[in-house]
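Working notes, beginning with the structure itself.
Reminder, nothing fancy here: chain letters follow the sequence lines and each chain counts from 1.
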Protein chains: 4
Amino acid sequence: MARQKSDEKRSAILQAAIRVIDRQGLGAATAKIAAEAGVSNGSLFTYFPTKADLLNDLYLEIKSDMAGELMQGLPDDGPFQDRLRHAWGNWMDWASAHPARRHAMAQLMVSDEISAATRAKADAIAAPLGAFLDEIRTGGPLRDMPIGLAMRLIDGVVTATMDAVLAEPAKAPALRAAGFDAFWRLVRG
Amino acid sequence: MARQKSDEKRSAILQAAIRVIDRQGLGAATAKIAAEAGVSNGSLFTYFPTKADLLNDLYLEIKSDMAGELMQGLPDDGPFQDRLRHAWGNWMDWASAHPARRHAMAQLMVSDEISAATRAKADAIAAPLGAFLDEIRTGGPLRDMPIGLAMRLIDGVVTATMDAVLAEPAKAPALRAAGFDAFWRLVRG
Amino acid sequence: MARQKSDEKRSAILQAAIRVIDRQGLGAATAKIAAEAGVSNGSLFTYFPTKADLLNDLYLEIKSDMAGELMQGLPDDGPFQDRLRHAWGNWMDWASAHPARRHAMAQLMVSDEISAATRAKADAIAAPLGAFLDEIRTGGPLRDMPIGLAMRLIDGVVTATMDAVLAEPAKAPALRAAGFDAFWRLVRG
Amino acid sequence: MARQKSDEKRSAILQAAIRVIDRQGLGAATAKIAAEAGVSNGSLFTYFPTKADLLNDLYLEIKSDMAGELMQGLPDDGPFQDRLRHAWGNWMDWASAHPARRHAMAQLMVSDEISAATRAKADAIAAPLGAFLDEIRTGGPLRDMPIGLAMRLIDGVVTATMDAVLAEPAKAPALRAAGFDAFWRLVRG
DNA sequence: GATGAATGAGCCTTCATTCAT
DNA sequence: AATGAATGAAGGCTCATTCAT
């Protein structure tokens, strides 16, 4: 047989894309991404046929990475507020630990290159969060709200806090706490 | 005088940019924008020295347009909740009436082309809202929150509702109402 | 107004294309053609939106050039054989004077880039030859032959002689004469 | 022995090349040819060190295939016209049976990739035809003509008829007959 | 020998910006 | 000031060829 496509290489390209997009935006050259990944520009296209494919896969990658982190060490029971606070902490930790991912994600979120199919797939990936999300909604005022709006509101508050933290890392603890209070008011207030 | 005509052309370019960016994203060609504005590609550069300048000015334009609409017919006094609800309605009306502006804005918000100076200037433009914003904050739980976070949270909730409305225009009234309830809980809950 | 597209520049590109294709074949780079024409690579695309367009226009250009030369100084009457011999001489003169055109043409003839529409247009351009061609056919054994075959046969004999002349320019006179004899036998033999 | 398998593979590549070139021209990717041959792209290069080699070998292959078919069942004696007509029929049969080969050949004929050495070798391969060709020439008006021109003329008439037949297969019998008459006039008229 | 991933030069085309008219 | 052709640096992608497995 011949050399097989390596997951490490694929992953290296994706990680390089995050760094380069963080610096240069979605207009970043594929050649730059390949170089950052330590791969020839031609190789990038054996892993991602198209720049759009790379972007779509990157979106999925970041989303599932974030979703995974979010549930990290989340207790199955206990007071709802405690569990929510735990998830909130995970969320903020993720953003603090990976500012480039958060920045790249922010751009991918509004990009026209990301297809509807990819967005649908991303929702499916985040399914594990579904049960938790249901608990968030059903137990409070978001109960009767269309799910699309509920998700957007939650995302809005989370994102706002993350960005505030990233803008002023020094004040992270206070911002996290204040953000959580706002979040709590939104979902249980 | 000779300036009048220029302002019209400048404005035509800005409006054309909104439409083209709505369709093609920030990567849209200046030539396409010029064509949509009914202007030669060369002329675009007599009004905006570089594409980045165009984008920055566009950001300012949309932001001030939105800010202007927001205060439209806003009573100086009366119950706070009524006035807030009025402003909320204006906000949603603006998004519903100008989906392309909202979409272009969403992309400009995360773009690296928009300078810090421009973002600062935009805040200044929105100054008239400052007093109102102060009232929103000081009268409730946002009181002790860093202003950066407060603004981001408000923007997050507004944006979430706008996008939900634009995604499902048929359900606009219910979404507006539900969004306002969430907003209210955030600022006064 | 602005600079207008210049026919000279368009023509320079076409002539450069002939020279470069003669040397490097149809795979020649557009950048090389532009350089040979003394024009920036970008400019080539303001005159020909696509490489395929350039090739198609080139085909038309050479064909009409050749057709024009063919009728040069052709007497309207007189013995048929004399007129045919005159035309034959023009044909060979053209090939001898413009070997690169002939070589480029040979490649364009068999290229898949040349559309059916272009080939049809080329036939229309050569229409002036139509009357003469009719006279060639109707007065001899080609009379009852499908026109498609007749044209191909004539072209085959002409091309064969041209190529023999280009391969051994030193023997041009003898080759021309022998070729004409063969041609004559074909159409009147 | 170990060679047997190799010859099959080599042949498969050559046949695949014919099909792919017929469809996509000489610019066809070696990878596409390999795929069509059911072989890995790397393997193609163990049989043909470069694409140019593949093309040159293909030229030889088609030429010798055609030459072989041409003499098929050709009687050693009998009236010259009968034998020539038989050969003519073989020629047309070949083109009708293998349009892709004919099309690929037409492109190889004018390609710069085919070396002078290859063209010489091709003539050598067609040597069996040499005696017959001599008979064609010496018995008629082509007698005193440079051999290069004679071969080109014969090829021109044959090719013209083949292409007419391939363009309108429905009229094949009439075209073949008319083509032969023209051929006869050329060589014996 | 066979395989197919890896390489990187090169290609066509686009586009922001400049400049002749 | 307006126009649109001219410019040339990129950019995404392809492909012949090499090489690890």
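- For the pair B:Tyr47 and F:dA1, the criterion of a side-chain N or O lying under 4.0 Å from OP1 or OP2 is not met.
- Ranked by how close their nearest DNA chain F nucleotide is to the 5' end, A:Leu26 and D:Ala31 are led by A:Leu26.
- Phosphate proximity of F:dG4 to B:Ser40: absent, as no side-chain N or O sits under 4.0 Å from OP1 or OP2.
- Between the CZ atom of A:Phe48 and the P atom of E:dA5 there is a distance of 14 Å, rounded to whole Å.
- If you measure from atom CG of D:Leu54 to atom P of F:dC15, you get 15 Å, rounded to the nearest angstrom.
- Rounding to whole angstrom units, CD1 of residue B:Ile13 and C1' of F:dA1 are separated by 12 Å.
- Salt bridge annotation for B:Arg10-B:Asp57: present, with a cationic side-chain nitrogen under 4.0 angstrom from a carboxylate oxygen.
- Atom-to-atom, CG of A:Leu55 to C1' of F:dG12 comes out at 13 Å; the value is rounded to the nearest Å.
- Residue contacts for A:Ser6: at a heavy-atom cut-off of 4.0 Å it reaches no nucleic acid atom on any strand shown.
- Considering only side-chain N and O atoms, D:Lys32 lies nowhere under 4.0 angstrom from the phosphate OP1 or OP2 of F:dC15.
- OP1 or OP2 of F:dA2 lies within a sub-4.0 Å distance of a side-chain N or O belonging to B:Thr46.
- Within the shown strands, E:dA16 is the pairing partner of F:dT7 under the Watson-Crick or G-U definition, both distances less than 3.5 Å.
- Remark: P of E:dG1 and CG of D:Asp7 are 13 Å apart, rounded to the nearest angstrom.
- Spacing between atom NZ of C:Lys51 and atom C1' of F:dT14 amounts to 13 Å, rounded to whole angstrom units.
- Within the 3.5 Å criterion, the main-chain N or O of B:Glu113 finds a donor-acceptor partner in the side chain of B:Asn56.
- Comparing C:Thr30 and A:Val39 by the nucleotide of DNA chain E whose heavy atom lies nearest to each, the residue mapping closer to the 5' end is A:Val39.
- Residue A:Ser43 has a polar side-chain atom (N or O) positioned under 4.0 Å from OP1 or OP2 of E:dT7.
- Atom pair C:Leu44:CG and F:dT7:P shows a separation of 11 Å (rounding to whole Å applied).
- The interatomic distance linking A:Glu113 (CD) with F:dG11 (P) rounds to 15 Å, in whole Å.
- The side chain of D:Asn41 lies closest to E:dA5, out of E:dT17, E:dC12, E:dA5.
- Considering B:Leu108, B:Leu60, B:Leu55 in turn, B:Leu60 is the only one that fulfils the side-chain contact (heavy atoms from CB on, under 4.5 Å) rule with B:Thr118.
- When each of B:Ala28 and D:Gly42 is assigned the nucleotide of DNA chain E bearing its nearest heavy atom, the one mapping closer to the 5' terminus is D:Gly42.
- The side chain of A:Lys9 contributes an N or O atom lying less than 4.0 Å from OP1 or OP2 of E:dA6.
- A heavy-atom distance below 4.5 Å is not found between the side chains of C:Asn41 and C:Ile33.
- If you check the side chains of B:Ser43 and B:Ser40, you find a donor sitting under 3.5 Å from an acceptor.
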